[in-house]
Amino acid sequence: MPHFPNKEEKIHRSAKQDLFQAPDFYAIDDLLSEEHKLIRDSVRDWVKKDVSPIIEDCAQRNIFPRHIIKGMADAGAFGPQLPAEYGCGGLDYIAYGLIMQEIERGDSGMRSTASVQGSLVMYPIYKFGSEEQRKKYLPKLASGEMMGCFGLTEPDHGSNPAGMVTHFKDMGDHYLLNGAKMWISNAPFADIAVVWAKNEEGKVRGLIVERGMEGFTTPETHNKWSLRASATGELVFDNVRVPKENLLPGVEGLKGPLTCLNSARYGISWGVIGAAMDCYDSAVRYSKERHQFGRPIGGFQLQQKKLAEMLTEITKAQLLCWRLGHLMNEGKATPAQISLAKRNNVDMALHIAREARQMHGGMGITGEYPLMRHMMNLESVITYEGTHDIHLLILGMEITGENAFV
Amino acid sequence: MSVVPDTTTKVTFTDNNTKFNTAGVQYIINPYDEMSLTRALELTEAQGGTVTVIHVGLADSEPSVRKALAIGAHEAVRINAEASDATLVAKEIANWAADKEFDLILTGRESIDYNGGMTGGLLAAHLGLPFVNVVSKLDINGGEATAVRDIDGGKETVQVMLPFVASAQKDLTEPRIPNMRGIMAARSKPLTVVDPGGASAKGQHQSYEMPPAKGAVQLIEPDNAAELISILHNEAKVI
């Protein structure tokens with residue numbers, strides 16, 4: 001199945017208007033600056049105009065809508081929290097979160113593309129890269145002219161990245177990279193990959209691998225039931241010669257990739273609120289339109305319970321993220337705090353997607369409504385960037401001081 | 001540029017139906033004005049020049065003015081007066097514009113809240129300029145513009161010398177959404193607040209009322225025209 005539409009294959013544009021209205025039960029907008037709101041509303045308008053009309057067709061047919069990369073870049077989705085001198089937004093973490101929320105309101109797959117680019121490719125190059133690497137890559141990544149992916153997970157090492165077997169040898173004038181990475185968002189089309197691999201001393205280092213390097217291939221992962229509008233693949237390194245200047249000089253050990261994941265997980269905590277809000281919004285509207293037993297289904301207690309609980313959970317998640325965003329801005333957010341937000345909010349969104357699907361009855365099964373798409377997407381989101389259980393163990397270790405991983 | 005309640009606003013009134021209830025209302029740039037702004041930007045991008053957004057309103061509308069700058073306007077002027085009616089707004093803009101140099105003033109055909117549709121015409125009259133109303137296509141070539149305007153049952157193409165005033169109809173162009181660069185650039189663009197020239201409103205709102213609730217639909221068989229006529233005549237009393 002092709003991921004990229006060829007010239008003959010048109011993406012169907014739905015004529016159905018995206019009527020989304022965001023719930024803001026605790027007037028959390030009052031906690032945002034005017035610029036935050038302008039950024040959020042602009043991304044929301046862009047999603048309504050360019051993402052909502054095509055996303056269902058893309059997800060149904062497993063097409064990555066490559067043409068919207070430019071729009072995503074213009075919206076500021078790629079590294080908005082990194083400095084403007086590298087072509088990035090120079091914004092704070094609240095703005096970054098709001099952008100992720102709005103894009104994921106459209107689709108988790110679209111948000112994944114942005115998360116990977118901003119937090120897992122641009123962020124490590126900014127944080128651990130040399131000045132030359134920053135100047136070479138960041139402006140092009142910010143504008144979407146160049147796309148990136150992030151290689152940490154391996155076929156046999158998911159929750160346990162320390163066990164990775166991908167490795168490189170110092171050959172004098174270059175490094176020789178061997179191994180394979182799996183479940184890599186953006187892999188099939190990425191121009192560069194930030195790859196974490198062990199050196200001869202067994203220390204984890206980051207390498208920038210460019211498409212076109214001999215021995216580097218990116219086979220696509222097929223038959224996903226989730227994130228179907230996003231491209232996923234493998235990274236295979238078969239004696240790839242990587243120039244020495246492509247080593248990220250600023251970090252050694254798992255701290256490197258885990259720092260990137262912190263940034264991405266933070267974005268996910270906001271992003272999934274978007275998916276949850278979309279499901280809630282659809283459920284509220286449907287509960288007023290759909291009549292059974294002579295009245296709107298929204299008049300029945302069981303439906304009201306679902307809606308009331310959805311709004312409660314969304315409001316809690318919004319406040320959680322707002323506070324976490326301020327901690328991020330102050331450089332005080334801990335990995336465990338981020339784990340709590342990621343774990344809680346993804347679970348919240350998945351639960352709301354399922355409840356909203358129930359409320360839509362049979363219609364909720366179809367692509368007429370976004371519920372099943374969000375629900376299936378969120379099954380990936382609850383798994384990637386630290387599974388639901390792993391985040392629980394991170395919190396458990398934080399509380400007790402006991403490591404329950406091994 | 002007018003600022004109006006968001007199109008999803010639930011309209012209610014206070015003070016015994018004499019005031020619009022602004023509690024919790026989100027404000028947006030009047031959509032027709034957004035089209036005017038976008039077309040103005042397209043024209044200046046193609047032919048050079050600058051776009052100044054002029055807004056009559058109080059400080060609470062500045063987020064919308066800042067959005068206009070983020071969309072791409074080069075500068076903004078806010079005339080610090082409550083925009084209580086079109087006569088006041090048109091007079092204030094005319095006062096400000098009287099000694100400025102410009103080729104074109106674009107307004108929306110109407111604001112989507114009060115739908116007066118008068119500001120552009122009054123402004124042109126104050127300034128002694130030609131006025132082209134309800135324009136759905138606008139091009140400028142040298143010192144002359146060609147505008148297509150909607151008229152009953154068709155279109156009318158007019159030519160007009162610069163400078164002039166035109167009001168935008170919905171097909172003029174597709175409004176732009178601010179992008180990240182625009183939002184960042186808007187931070188440092190000039191937004192000048194000027195004192196009003198003392199224009200006063202010519203009218204005031206006495207009271208508001210909601211449209212009557214929609215009644216039930218009555219279906220009549222296609223071959224039963226007599227019953228339809230009877231209902232329209234005796235019950236609805238419209239014929």
Side-chain angles (χ1 to χ4, degrees), chain A residues 17-27 29-30 32-51 70-85 87-92 95-96 98-99 102-103 114 118 139 142-144 281 284-285, chain B residues 1 3-11 22-31 34-35 37-38 41 45 53 55 57-73 76 78 170 173-189 191 193 214 216-217:
Chain A
Q17 204 188 347
D18 179 354
L19 299 169
F20 174 73
Q21 281 182 269
D24 181 18
F25 197 62
Y26 266 35
D29 264 21
D30 294 351
L32 305 175
S33 72
E34 291 302 336
E35 191 174 89
H36 286 146
K37 285 185 269 191
L38 178 56
I39 290 165
R40 184 213 37 211
D41 293 350
S42 300
V43 180
R44 185 174 295 166
D45 287 347
W46 172 73
V47 167
K48 283 187 176 184
K49 177 170 154 277
D50 282 353
V51 178
K70 179 164 187 323
M72 225 187 249
D74 287 346
F78 300 151
Q81 80 285 22
L82 300 178
E85 61 179 297
C88 306
L91 301 171
D92 69 358
Y96 174 59
L98 288 166
I99 294 169
E102 292 307 315
I103 294 179
S143 70
D281 178 63
V284 170
R285 199 167 290 119
Chain B
M1 182 191 91
V3 172
V4 296
D6 185 85
T7 49
T8 58
T9 304
K10 285 191 185 108
V11 176
T22 56
V25 173
Q26 302 286 328
Y27 286 87
I28 59 168
I29 298 176
N30 182 41
E34 223 166 8
M35 284 163 214
L37 170 60
T38 305
L41 292 169
E45 281 158 8
V53 166
H55 171 66
L58 302 176
D60 55 5
S61 55
E62 275 195 12
S64 294
V65 180
R66 193 61 71 184
K67 179 180 176 182
L69 293 170
I71 289 171
R78 180 172 69 80
K170 69 173 178 350
T173 191
E174 193 182 341
R176 281 185 194 172
I177 297 168
N179 61 31
M180 176 66 61
R181 303 230 162 277
I183 292 169
M184 287 161 68
R187 290 175 182 167
S188 53
K189 286 180 179 174
L191 193 171
V193 181
K214 236 196 230 169
V217 175

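Chain naming here is simple, since letters A, B, ... match the order of the sequence lines and numbering starts at 1 in each.
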### Query
Which atoms form the tightest heavy-atom contact between Gly76(A) and Met180(B), and what is the distance?
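Residues Gly76(A) and Met180(B), closest heavy atoms: CA-CE, 3.4 Å.
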### Task
Would you name the heavy atoms of Ile177(B) and Ser42(A) that are closest together and state the gap between them?
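Closest heavy-atom pair between Ile177(B) and Ser42(A): CG2-O, 3.3 Å.
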### Message
side-chain contact (heavy atoms from CB on, under 4.5 Å) for Glu174(B) and Lys49(A)? Distances and angles first, verdict last.
### Response
CA-CA 11 Å; Glu174(B) 193 182 341; Lys49(A) 177 170 154 277; 3.0 Å; yes
### Task
Go through the atoms of Leu19(A) and report whether side chain, backbone, both or neither lie under 4.5 Å from a heavy atom of chain B.
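Neither part.
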### Message
Can you tell me which portion of Ile183(B) sits under 4.5 Å from chain A's heavy atoms? Options are side chain, backbone, both or neither.
### Response
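When you check distances to chain A, atoms from both the backbone and side chain of Ile183(B) fall under 4.5 Å.
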### Message
Rounded at 0.5 Å granularity, tell me how far CG in Asp45(A) sits from CZ in Arg176(B).
### Response
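Here the interatomic distance stands at 15.0 Å.
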### Task
Would you give the length of the straight line joining atom CD of Gln21(A) to atom CG of Asp6(B), rounded to the nearest 0.5 angstrom?
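CG of Asp6(B) is found 7.5 Å from CD of Gln21(A).
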### Message
Can you confirm whether Glu35(A) sits close enough to Arg66(B) that some side-chain heavy atom of one is under 4.5 Å from a side-chain heavy atom of the other?
### Response
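Glu35(A) does not reach Arg66(B) side chain to side chain.
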### Message
Are the side chains of Leu38(A) and Pro178(B) in contact, using a 4.5 Å heavy-atom criterion?
### Response
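The answer is yes; the side chains approach within 4.5 Å.
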### Query
Counting heavy-atom pairs under 4.5 Å to chain A, which of Ala70(B), Gly182(B), Pro63(B) comes out on top?
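Among Ala70(B), Gly182(B), Pro63(B), the one with the most close pairs to chain A is Pro63(B).
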### Query
Got more than 12 heavy atoms from elsewhere within 6.0 Å of NZ, Lys170(B)?
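For Lys170(B), atom NZ is not crowded (no more than 12 foreign heavy atoms under 6.0 Å).
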